[in-house]
Asks: 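Below you'll find the structure I mean.
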Amino acid sequence: MINYAENVYVFDHPLIKHKITMLRDKSTGTNEFRSIVEELGMLMGYEALSDLKIKYVDVETPIAKCKAPILDGRKLAIVPILRAGLGMVSGLTALVPTAKIGHIGMYRDEDTLEPHEYFCKLPNPIEERVILVVDPMLATGGSATDAINLVKSRGGIKIKFLAIIGCPEGIEKLHSMHPDIQIYIGIVDEKLNEKGYIVPGLGDAGDRIFGTK
Ligand code: PRP
Ligand code: URA
């Protein structure tokens with residue numbers, strides 16, 4: 001992983017690069033797109049969760065008794081930003097089946113690009129958990145920044161953010177507003193266009209995952 005800035009990490013793995021290229025391709029259909037987003041949730045989550053806490057339990061192997069580490073999985077909350085973040089959840093719960101799931105509903109106004117919150121339900125007690133907020137796209141950074149504001153206002157402390165594609169504008173905004181959180185990005189694209197889409201990006205992640213438009 002490349003250390004892009006303090007607390008900002010960009011993936012540098014050929015599998016992740018390959019799968020993101022498949023997502024970009026406009027001929028990739030909904031079914032395949034959804035599967036790849038799920039796979040990327042798992043591959044990227046594996047790295048982003050490499051500092052998860054473990055606890056020791058007693059285990060008896062066929063040879064001897066020992067104390068062995070297991071994940072303290074109930075301490076993890078996965079929080080997708082709706083809608084597109086939902087596509088990454090199954091890949092992440094495959095890694096940590098005991099994680100709790102929260103939801104933050106956020107949509108971007110197409111004209112102003114301002115995010116609007118329409119739903120928030122987080123598992124309690126949130127302050128004790130590692131909270132992994134996920135969304136495939138970090139564009140202007142407005143949605144992610146507001147989502148993290150919301151998590152913090154409900155008591156969240158140990159927060160990570162995971163996106164598949166980001167751009168310099170979005171990373172700068174999220175990092176400057178929340179320098180304390182760890183940000184993980186699959187790949188950093190060139191820029192935003194005048195409509196707030198990432199270039200070259202992959203288009204509208206929600207529409208491509210859910211087959212809407
Ligand atoms: C997309 C995406 C992010 C947001 C990123 O969601 O999934 O949540 O845009 O843009 P930003 O960084 O400029 O805020 P959208 O608002 O299109 O909602 P959807 O997932 O329901 O389609
Ligand atoms: N949201 C998306 O789904 N795609 C973009 O390129 C920007 C915001």
Side-chain angles (χ1 to χ4, degrees), residues 4-5 8 10 19-30 32-34 36-38 40-41 44-45 48 78-92 101-122 131-152 159-179 181-213:
Y4 183 90
V8 182
V10 177
K19 286 176 192 292
I20 293 175
T21 299
M22 293 171 79
L23 289 185
R24 292 190 192 281
D25 190 336
K26 67 180 186 186
S27 70
T28 299
T30 303
E32 195 184 0
F33 192 93
R34 211 180 275 150
I36 299 169
V37 169
E38 182 180 332
L40 283 166
M44 295 170 66
I78 297 164
V79 180
I81 301 178
L82 309 183
R83 292 174 300 164
L86 283 175
M88 299 166 75
V89 172
S90 52
L92 289 158
I101 317 285
H103 294 88
I104 294 179
M106 203 67 89
Y107 74 90
R108 247 181 17 158
D109 182 293
E110 283 184 12
D111 298 319
T112 65
L113 302 182
E114 288 298 316
H116 294 275
E117 178 210 330
Y118 59 88
F119 186 79
C120 181
K121 183 93 181 166
L122 301 177
I131 304 145
L132 181 62
V133 178
V134 299
D135 192 325
M137 308 303 278
L138 180 65
T140 65
S143 303
T145 299
D146 280 13
I148 307 291
N149 283 341
L150 205 49
V151 170
K152 286 184 174 174
I159 304 168
K160 294 167 182 273
F161 177 79
L162 175 62
I164 296 175
I165 301 185
C167 63
E169 296 91 326
I171 294 172
E172 168 61 25
K173 170 155 185 161
L174 181 59
H175 180 54
S176 63
M177 299 302 286
H178 297 292
I181 73 162
Q182 292 164 307
I183 301 171
Y184 299 89
I185 309 287
I187 207 159
V188 180
D189 276 8
E190 190 189 331
K191 59 179 183 183
L192 289 176
N193 69 13
E194 64 291 347
K195 290 184 172 164
Y197 278 87
I198 295 176
V199 182
L202 51 71
D204 186 306
D207 284 344
R208 294 200 63 191
I209 291 170
F210 295 106
T212 46
K213 193 74 191 165

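Order of listing sets the numbers, starting from 1, for every ligand and every atom in it.
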Asks: Check Thr212 against Gly206 and note the closest heavy-atom contact, atom names and distance.
Replies: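 Heavy atoms only, the tightest pair is OG1-O, 4.1 Å.
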
Asks: With a 4.5 Å heavy-atom cut-off, do Tyr197 and Cys167 have their side chains touching?
Replies: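 No, side chains not in contact.
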
Asks: Using a 4.5 Å cut-off on heavy atoms from C-beta on, say whether the side chain of Met137 contacts that of Leu202.
Replies: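 Answer yes - side chains close enough.
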
Asks: Would you list the pairs meeting salt bridge (charged side-chain N to carboxylate O under 4.0 Å, His left out) in which at least one residue belongs to residues 197-212, sequence neighbours left out?
Replies: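 Counting only pairs at least two positions apart or across chains, the salt bridge (charged side-chain N to carboxylate O under 4.0 Å, His left out) contacts touching residues 197-212 are Arg83-Asp207, Asp207-Lys213.
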
Asks: For a side chain to side chain contact (heavy atoms under 4.5 Å, CB included) check, start with the C-alpha distance between Leu82 and His103, then their side-chain angles and the critical distance, and finish with the verdict.
Replies: CA-CA 7 Å; Leu82 309 183; His103 294 88; 3.8 Å; yes

Asks: What I'd like to find out is whether the side chain of Ile164 reaches to under 4.5 Å of the side chain of Met44, using heavy atoms alone.
Replies: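 Answer yes - side chains close enough.
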
Asks: So which of Ser143, Ala144, Pro80, Gly141 gets nearest to atom 12 (O) of ligand 1, if we judge by its closest heavy atom?
Replies: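 Among Ser143, Ala144, Pro80, Gly141, the closest heavy atom to atom 12 (O) of ligand 1 comes from Gly141.
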
Asks: Drop me the distance from Leu138's CG to Ile185's CD1, to the nearest 0.5 angstrom.
Replies: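 Leu138 CG to Ile185 CD1: 5.0 Å, rounded to 0.5 Å.
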
Asks: So is there a nitrogen or oxygen of Asp207 less than 3.5 Å from a nitrogen or oxygen in ligand 1?
Replies: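 No, Asp207 has no N/O under 3.5 Å of an N/O on ligand 1.
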
Asks: Compute the shortest N/O to N/O distance between Met137 and ligand 1 and return yes if it is under 3.5 Å, no if not.
Replies: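 Between Met137 and ligand 1, no N or O pair is found under 3.5 Å apart.
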
Asks: Is there a protein heavy atom less than 4.0 Å away from atom 3 (C) of ligand 1?
Replies: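 Under 4.0 Å from atom 3 (C) of ligand 1, at least one protein heavy atom found.
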
Asks: Between the side chains of His178 and Asn149, does any donor sit under 3.5 Å from an acceptor?
Replies: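 His178 vs Asn149: donor-acceptor pair found between side chains.
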
Asks: So, do Met106 and Asp135 sit near enough that their side-chain heavy atoms are less than 4.5 Å apart?
Replies: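 A side-chain contact under 4.5 Å is absent here.
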
Asks: Please report which non-hydrogen protein atom sits nearest to atom 17 (O) of ligand 1, along with the residue it belongs to and the distance in Å to one decimal place.
Replies: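 Here the nearest protein heavy atom works out to Asp204 OD2, 4.0 Å.
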
Asks: Side chain, backbone, both or neither: which part of Asp135 has a heavy atom under 4.0 Å from ligand 1?
Replies: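 Contact part for Asp135 vs ligand 1: side chain (C-beta onward).
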
Asks: Pick out which of Leu40, Leu23, Ile198 makes a side-chain contact (heavy atoms from CB on, under 4.5 Å) with Ile165.
Replies: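 The option that passes is Ile198.
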
Asks: Report yes if some N/O of Arg108 lies less than 3.5 Å from some N/O of ligand 1; otherwise report no.
Replies: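 Yes; the residue has a nitrogen or oxygen that sits under 3.5 Å from a nitrogen or oxygen of the ligand.
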
Asks: Within 4.0 Å of atom 7 (O) of ligand 1 (strictly less), any protein heavy atom?
Replies: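 Yes, because at least one protein heavy atom sits under 4.0 Å from atom 7 (O) of ligand 1.
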
Asks: Check the pair Arg24 / Ile187 against side chain to side chain contact (heavy atoms under 4.5 Å, CB included), numbers first and verdict last.
Replies: CA-CA 12 Å; Arg24 292 190 192 281; Ile187 207 159; 3.5 Å; yes

Asks: Can you tell me which portion of Ala205 lies within the under-4.0 Å heavy-atom range of ligand 1? Options are side chain, backbone, both, or neither.
Replies: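 For Ala205, there is no contact with ligand 1 at all, from either part.
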
Asks: Using a 4.5 Å cut-off on heavy atoms from C-beta on, say whether the side chain of Leu122 contacts that of Val79.
Replies: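 They are in contact (side-chain heavy atoms under 4.5 Å apart), so the answer is yes.
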
Asks: Out of all atoms in ligand 1, which are within 4.0 Å of some heavy atom of Tyr107? Include the element for each.
Replies: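 What qualifies from ligand 1 is 16 (O).
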
Asks: Which heavy atom of the protein is the closest neighbour of atom 21 (O) of ligand 1, given with residue, atom name and distance?
Replies: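 That would be Arg83 NE, 2.9 Å.
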
Asks: Applying a heavy-atom distance cut-off of 4.0 Å, which protein residues contact ligand 2?
Replies: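 Within the 4.0 Å shell of ligand 2, which is judged on heavy atoms, sit Arg108, Met137, Ala139, Gly196, Tyr197, Ile198, Gly203, Asp204, Ala205.
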
Asks: Check whether any side-chain heavy atom of Asp146 lies under 4.5 Å from a side-chain heavy atom of Glu117, and answer yes or no.
Replies: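 No, every pair of side-chain atoms sits at 4.5 Å or beyond.
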
Asks: In the protein, what heavy atom is nearest to atom 18 (O) of ligand 1, and what distance, to one decimal place, separates them?
Replies: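 Ranking protein heavy atoms by distance from atom 18 (O) of ligand 1, first comes Met106 O, 3.9 Å.
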
Asks: To check your reading of the model: name the closest protein heavy atom to atom 13 (O) of ligand 1, its residue, and the distance in Å.
Replies: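 Atom 13 (O) of ligand 1 sits closest to the protein heavy atom Thr140 OG1, 2.5 Å.
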
Asks: I'd like to check which ligand 1 atoms, numbered from 1 as shown, lie under 4.0 Å from a non-hydrogen atom of Ala84.
Replies: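 Listed by number with element: 7 (O), 20 (O).
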
